[in-house]
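Convention: sequence-line order gives letters A, B, ...; per-chain numbering from 1.
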Amino acid sequence: MTGHDHHHDHSELTETQLRVRALETVLTEKGYVDPAALDLLIETYEKKVGPRNGARVVAKAWADPAYRARLVKDATSAIAELGYAGRQGEHIVALENTPNRHNMVVCTLCSCYPWPVLGLPPVWYKSAPYRSRAVSDPRGVLKDFGITLPAGTEIRVWDSTSENRYLVIPMRPAGTEGWIEERLAELVTRDSMIGTGLPKQP
Amino acid sequence: MNGAQDMGGVHGFGPVEPEPNEPVFHAGWEKRAFALTLAMAMPGQWNIDMSRFARENRDPGEYLSMSYYQIWFAALETMLKERDLVSDDETVAGHALREPKPVARILSPGAVAQVLYRGGPTERETNTTPAFKPGDHVRAKNINPRTHTRLPRYVRGHAGTIERVIGFHVFPDSNAQGAGENPQWLYTVCFDGRELWGADGDPTLTVSVDAWEPYLVPA
Amino acid sequence: MNGAADMGGMHGFGPVVPEPNEPVFHAEWEGHSFALNMVTGVAKLWNLDAFRFKRESIPPPEYLSLSYYGLWTRTLELMMLEYGVATPEEVAAGHAIAPFKKAPHAVSAAECANMVRCGSPYNRSAPAPALFKVGDKVRARNMHPQHHTRLPRYARGHAGEVVRIVGCHVFPDSNASNLGEDPHWLYTVRFDGRELWGADSDPTVRVCIEAWEPYLEPL
Amino acid sequence: MTHDHDHHHDHGSELSEMQLRTRALETILLEKGYIEPAAIDVLIETYEKKIGPRNGAQVVAKAWVDPQFRQWLFEDGTAAIGSLGFGGRSGNHLVALENTPSVHNMVVCTLCSCYPWAVLGLPPLWYKSAPYRSRTVADPRSVLADFGVSLPKDTEIRVWDSTAELRYLVVPLRPAGAEGWSEEKLAELVTRDSMIGTGLPKNPEDLA
């Protein structure tokens, strides 16, 4: 990739597209940015960092009780054991779902999200409907995802107002006894680690 | 500030609409806007709290009419202009028109992985002790600053319980204004849903926020 | 509801810009938008509270992007659709499409003039004595209904003082949902600015709202 | 005007979207027989030509010269104002607010645009705007600054948020230097903004 990979017809360039390109050109010409660094940043978050990282963390927690204990006690260190750390994941807290408690993560004020384990957030996570309703009507939000929890389940919503980042550890689905971590990880969906979904059924 | 970004509890935005197989970026310019924002933090010398304030500090109608990366990009433009790194006429021309202002360093491709891995930890050393401990009852102060704060409107004035002492962290309310990191003790505070939303609220709901000590008083 | 209409205390909207020699209407269609809304009120197609509820239910991005009378026209359109006065096809065509039901009665100019002269009083006979008297300390309830309410968010949870008993008035929370007028005692309640906006705010500010009895609890 | 379809412009591209949509709704309501065409004209004419802040100015001027009326006005605004022939729509429940050397009143409607039409006509754009609605309850002094008005630091500012069907009229302080003036002449000092609380009456010297 080069710094200017806009391969469309020029008439299709939107106003924002044009402004972004103009600014990138100015910054490159002035030597403030190295286009190769930009490409590397994009590649990192488009290809390398994503919810597969978090799925590995969750699967390991499901399979390895000692790891689970470390994760719940100090998620930042336990997650770093697997090589995931850094930007927007400097301080991570793992939230355990139980039969009586379901955790959901939101950032009402902006879009805070645990990048090293989940990648960049989806559009809905950053949207006004999610940010406005997750704290006041989480069951209504879950319904938007097709999920209904028992009426008595405690719903605990975590609003990411500081640099703390939250990762939900969903409950391990029944029928997966004896599965290896790699296979378990395939059950862990992104949404189940935000709290708007449940893991896949085996 | 009580801007459009402070959305907790606002009605009328409609359903959440997850997009099947959503791509990481929805257009080429989104990738560039994202990467430029990350890359310019190094020569621009701004901190994340300043970035957040630059994003939220706009007319609420405008905020709500913009897409996510449009807001990022607009904030980037604002910060570059404020620091005399890029001027309006250069943005219009799409080219550099004057000598670059000297900057300490820029992000090199070789440093990207390390910079991302290191991130920007906000915990700081201290020899002070936290005023609250888990289980303590606290009340979020009623504050309405025009400047950046991370205390959402929907918890202000409400009583909760300290759930966790997180540590001693950079205080965004100061940091966003360039008034120094002014680190403070940071807590996770748990609120009952009915405390926040009234007697008719969902009795199974609890909401936790991370709150710095200056946001809290004993309840 | 906590919609875009509930603006008290929000930041970021910028300065108030008075327009010298402002005309009553800025375009001819604004006058028509205004008159149509008056006339549909006289026709009793719906009540004013229901109209207000529909207007504030417009999603915040759209609400904030519309001009004042643009918002009225949009609301009128939504009300006509909801109350079966017009079909979506008719709204799109800009004409009644046969076969349609003729209105039982057409509002005349004389009726409009009469409405302007007489208005529509909202006081009703009281079903019970007033709970509060002037001087009573009260707290505005913390409530966040999805339906229409006239208790602004900024007053909720805060303590004030009854300064006037207005009378027994139609209760908008009920009326807007077509659940009847359900009249309740209405009070003027005064709040200290620092109670509403925090200890750092202007000590010379007092804010008065009108609050129906169900909005208040004794302190 | 005898007919409501008095859109005398070019029917082409100049019609804005809202023009078209408003016209569409009006046409449907007429065709279905909900309204008589003249009804629309009467309403527009009433609020464009007949009802305006001159009404309120008369009320204020009378309150400045007639102590009995003044007392009545603060006791029962609706009746006192009604005695001058003003009332009705958005004026069924009127309350007059007395400015004093130590208290300044300001009126806002944070939730929509409630305004005492009967005495002030329809509200100006700024009154209905987000900046005014958002800031007046929290920071009235900065709003006053937008109008070029600065009050003494210790003046109590009392903001009235029109959340019900009560409508408020501010009675500003009578300016010095207008002693012995007739009601008619005093009314010329009373600006619309002084009756909302975002302004002060004119200086008598400016009229003399």
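- With a 4.5 Å cut-off on non-hydrogen atoms, A/Thr76 does not touch chain B at all.
- A/Thr161 places a side-chain N or O within donor-acceptor distance of the main-chain N or O of B/Asp210, the cut-off being under 3.5 Å.
- Neither the backbone nor the side chain of A/Tyr125 comes within contact range of chain B; no heavy atoms are under 4.5 Å apart.
- Listed for the B/Glu22 side chain is a donor-acceptor partner under 3.5 Å among the backbone atoms of A/Val123.
- Along residues 130-139 of chain A, the residues that come nearer than 4.5 angstrom to chain B, judged on non-hydrogen atoms, are A/Tyr130, A/Arg131, A/Ser132, A/Arg133, A/Val135, A/Ser136, A/Pro138, A/Arg139 in order of number.
- For B/Ser51, no part sits under 4.5 Å from any heavy atom of chain A, backbone or side chain.
- Taking the six-membered ring wherever Trp is involved, the centroid distance between the rings of B/Phe34 and A/Trp115 falls below 6.0 Å.
- Contacts between B/Glu99 and chain A at a heavy-atom distance below 4.5 Å involve the backbone alone (N, CA, C, O).
- Of all heavy-atom pairs between B/Arg150 and A/Cys107, the closest is NH2-SG, 4.0 Å.
- Of the possible donor and acceptor atoms, one in the side chain of A/Glu29 sits under 3.5 Å from a partner among the backbone N and O of B/Ala96.
- Residue B/Pro43 touches chain A through its side chain alone, counting heavy-atom pairs closer than 4.5 Å.
- At a 4.5 Å heavy-atom cutoff, A/Thr196 makes no contact with chain B through either its backbone or its side chain.
- If you measure heavy-atom distances from B/Ser67 to chain A, you find no contacts under 4.5 Å at all.
- Separating the CG atom in A/Asn100 from the OG1 atom in B/Thr204 is a distance of 11.5 Å, to the nearest 0.5 Å.
- No part of B/Ile71 comes within reach of chain A, as not one of its non-hydrogen atoms sits under 4.5 angstrom from that chain.
- No option in A/Ile155, A/Val106, A/Thr108, A/Val157 other than A/Val157 meets the side-chain contact (heavy atoms from CB on, under 4.5 Å) test with B/Val207.
- For B/Arg164, the part lying near chain A is the side chain, with the backbone staying farther off; criterion is any non-hydrogen pair under 4.5 Å.
- Heavy atoms closer than 4.5 Å to chain A are found in the side chain of B/Tyr154, but not in its backbone.
- Looking at A/Val93, the atoms closer than 4.5 Å to chain B (heavy atoms on both sides) all sit in the side chain, from C-beta outward.
- Contact annotation for A/Leu109: both backbone and side-chain heavy atoms come within less than 4.5 Å of a heavy atom of chain B.
- Within the 4.5 angstrom heavy-atom criterion, atoms from both the backbone and the side chain of B/His95 approach chain A.
- For chain A, the nearby part of B/Tyr63 is the side chain; its heavy atoms alone come within less than 4.5 Å.
- No donor-acceptor distance shorter than 3.5 angstrom exists from the side chain of A/Lys126 to the backbone of B/Tyr68, with no hydrogens or angles considered.
- B/Thr122 and A/Glu90 share no side-chain donor-acceptor pair at under 3.5 Å.
- Heavy-atom distances place the side chain of B/Asp202, and not its backbone, under 4.5 Å from chain A.
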